[in-house]
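What follows is a short report on a single structure.
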Amino acid sequence: MVSTSPPLAEALAAGPVVLDGGLSNQLEAAGHDLSDALWSARLLAEEPAAVVQAHQAYYEAGAQVAITASYQATFEGFARHGIGAERAAELLRRSVELAREAAGRARAGGVAGPLYVAASAGPYGAMLADGSEYRGRYGLSVAALERFHRPRLEVLAAARPDVLALETVPDAEEARALLRAVRGLGVPAYLSYSVAGGCTRAGQPLAEAFAEAADADEVIAVGVNCCAPDDADRAVGLAAQITGKPVVVYPNSGESWDAAARAWCGSAAFDADRVAAWAADGARLIGGCCRVGPDAIAAVAAALGR
């Protein structure tokens, strides 16, 4: 079912919109093993009902936008697991359908207001599943990265999500490839970098990275995700200043990911008290990423008066 809500760009123009939190932590909390290279994308084939339930939990907590379980869903990644191109395309489409189903169930359960679906497209490094998504600089040209991303984005766009989530992008060069890849697809997109301090994970100054999207008509929001909350604090105002667009922000809990050990370490620092400052600095699409669950999203929604 295609969304009948007002376009997301209109909603952002009217005020802040609440994003969901980490899908993987919600699935893991329900007892699902996400330890293989496909991560949550494996459940698109094996346990789709679990994906619906996770999305629904966020909608019921106050999220207005659910990000699909397609972050690591790629033709190449599925092929490594013996899944052919036709079935891979079906699973990519299913990621959008499952989020739509969750929205329908949430509405039936009494959740009011527009509910949106963001089709996730993670970086090239997410397919490699070796931690390189936190570094960028894969040794590939912009053209090669565009060729990697375009087929998946075409399939996701054909499923008619409300927005394409070009998320956790570690490198301005990959952002350039993604911006080329979404041209002409007929679906708006947002671009969200993974950052450390005042730079992308690949080391480019954020001002330069944000500028890549300033003139991209397809892009309705620019910002950061999968970063420390302190880094998000610094990035929001800069993204608004450089691009003149609404800002998207959804940091991690504040814990850090040890790619070698495949485990989280450190302590949580995500706090809904930050939300008002983000909104004042231009954030219009606000939520959480890894290790930020429904309770935290409920607090974000309350802070925004949703």
*Provide the closest heavy-atom pair for Pro161 versus Leu156 in the form atom of the first, atom of the second, distance.*
CD-O, 3.0 Å

*Measure the CG-CD distance between Leu304 and Gln64 for me, rounded to the nearest 0.5 Å.*
8.5 Å

*asked:* Could you check whether any side-chain N or O of Tyr138 sits under 3.5 Å from a backbone N or O of Leu145, counting only pairs where one atom can act as donor and the other as acceptor?
replied: no

*Could you pull out all residues at least two apart from Arg183 that satisfy salt bridge (charged side-chain N to carboxylate O under 4.0 Å, His left out)?*
none

*Among residues two or more places apart or on two chains, list those pairs meeting salt bridge (Lys or Arg N to Asp or Glu O under 4.0 Å) that have a residue in residues 184-212.*
Arg176-Glu212

*Between the main-chain N or O of Tyr58 and the side-chain N or O of Asp20, is there a donor-acceptor pair closer than 3.5 Å?*
no

_Listed partners of Ala11 passing side-chain contact (heavy atoms from CB on, under 4.5 Å), at least two apart_ = Leu8, Val17, Tyr116

*Which atom names give the shortest non-hydrogen contact between Ala240 and Val247, and what distance separates them?*
N-CG2, 3.5 Å

*What are the two closest heavy atoms between Ala301 and Val18, and how far apart are they?*
CA-CG2, 4.0 Å

*Let me see the working for Arg284 and Val248 under side chain to side chain contact (heavy atoms under 4.5 Å, CB included), right down to the final yes or no.*
CA-CA 6 Å; Arg284 292 296 176 266; Val248 54; over 6 Å; no

_Student check: side-chain heavy atoms of Phe210 and Leu238 closer than 4.5 Å_ = yes

_Test side chain to side chain donor-acceptor pair (under 3.5 Å) applied to Gln26 - qualifying residues, sequence neighbours left out_ = none

*Might you point out which heavy atoms bring Ala209 and Thr200 nearest each other, and give the distance in Å?*
CB-CG2, 3.6 Å

*Before giving the answer on side chain to side chain contact (heavy atoms under 4.5 Å, CB included), spell out for Arg152 and Leu92 the whole-Å C-alpha distance, their side-chain angles and the decisive distance to 0.1 Å.*
CA-CA 8 Å; Arg152 172 176 54 154; Leu92 283 163; 3.9 Å; yes

_Can you confirm whether Phe148 sits close enough to Met127 that some side-chain heavy atom of one is under 4.5 Å from a side-chain heavy atom of the other?_
yes

*Between Phe75 and Ala85, what is the shortest heavy-atom contact and its length?*
CE2-O, 3.4 Å

*Assess whether side chain to side chain contact (heavy atoms under 4.5 Å, CB included) is satisfied between Phe270 and Asn252, documenting all intermediate values.*
CA-CA 7 Å; Phe270 186 94; Asn252 294 335; over 6 Å; no

_Any side-chain to backbone donor/acceptor pair from Ser70 onto Ala73? Under 3.5 Å, distance only._
no

*asked:* Just to verify, what does Glu154 make a side-chain contact (heavy atoms from CB on, under 4.5 Å) with, not counting sequence neighbours?
replied: Arg150, Leu185

*Might you work through the side-chain hydrogen bond (donor to acceptor under 3.5 Å, both in side chains) test for Glu133 and Tyr71, ending with a clear yes or no?*
CA-CA 11 Å; Glu133 65 193 284; Tyr71 176 80; 2.3 Å; yes

*Side-chain touch Leu178/Val169, heavy atoms, less than 4.5 angstrom*: yes

*asked:* Please check this pair: side chain of Arg306 against backbone of Pro16, looking for a donor-acceptor N/O pair closer than 3.5 Å.
replied: yes

_I'd like to know if the side chain of Thr68 reaches the main chain of Ser120, judged simply by a donor and an acceptor atom lying under 3.5 Å from each other, with no hydrogens or angles considered._
yes

*All side chain to side chain donor-acceptor pair (under 3.5 Å) counterparts of His55, not counting sequence neighbours*: none

*Taking only residues at least two apart or on different chains, which pairs with a member in residues 81-94 satisfy salt bridge (Lys or Arg N to Asp or Glu O under 4.0 Å)?*
Arg87-Glu90, Glu90-Arg94

*With sequence neighbours left out, what residues match Asp281 under side chain to side chain donor-acceptor pair (under 3.5 Å)?*
none

_Between Asp162 and Val117 (side chain of the first, backbone of the second, donor and acceptor by atom type, cut-off under 3.5 Å), is there such a pair?_
yes

*Are any of the side-chain heavy atoms of Pro6 and Pro114 separated by less than 4.5 Å?*
yes

*Quick check: does any side chain N or O of Asp171 sit under 3.5 Å from a backbone N or O of Arg137, one acting as donor and the other as acceptor?*
yes

_Suppose we screen for side chain to side chain donor-acceptor pair (under 3.5 Å). Which residues come up paired with Asp233, at least two apart in sequence or across chains?_
Arg274, Trp278

*With no hydrogens and no angle check, do the side chains of Glu167 and Tyr250 hold a donor and an acceptor under 3.5 Å apart?*
yes

*Can you tell me how far CG of Leu179 sits from CG of Leu166, rounded to the nearest 0.5 angstrom?*
7.0 Å

Which side-chain N or O atoms in residues 213-229 pair as donor and acceptor under 3.5 Å with protein atoms at least two apart or in another chain?
unit_1, atom_1, unit_2, atom_2, d
Asn225, OD1, Thr168, N, 2.8
Asn225, OD1, Ser192, OG, 2.8
Asn225, ND2, Thr168, OG1, 2.9

*Please tell me if the side chains of His149 and Glu146 come closer than 4.5 Å, counting only heavy atoms from C-beta onward.*
no

*Run the salt-bridge test on Arg80 and Glu76 with the 4.0 Å N-O cut-off and return the result as yes or no.*
no

*If we only count heavy atoms from C-beta on, is the Leu23 to Ile67 side-chain gap below 4.5 Å?*
no

*asked:* I'd like to check the side-chain contact (heavy atoms from CB on, under 4.5 Å) partners of Ala79; sequence neighbours left out, ordered by chain and number.
replied: none

*What's the shortest heavy-atom distance between Ala283 and Val249, and which atoms?*
CB-CG1, 3.7 Å

*Taking the side chain from Ser132 and the backbone from Arg135, do they hold a donor-acceptor pair closer than 3.5 Å?*
no

*Is the side chain of Glu174 donor-acceptor paired with the backbone N or O of Tyr124 at a distance under 3.5 Å, no angle test?*
yes

*side-chain contact (heavy atoms from CB on, under 4.5 Å) with Ala143: which residues, sequence neighbours excluded?*
Ser141, Arg147

*Are Val142 and Leu191 linked, directly or through other ILVMFWY residues, by side chains that come within less than 4.5 angstrom of each other?*
no

*Does some side-chain heavy atom of Leu43 sit less than 4.5 Å from a side-chain heavy atom of Leu27?*
yes

*asked:* Tell me if a side-chain donor or acceptor on Gln56 pairs with a main-chain N or O of Ala102 at a distance below 3.5 Å.
replied: no

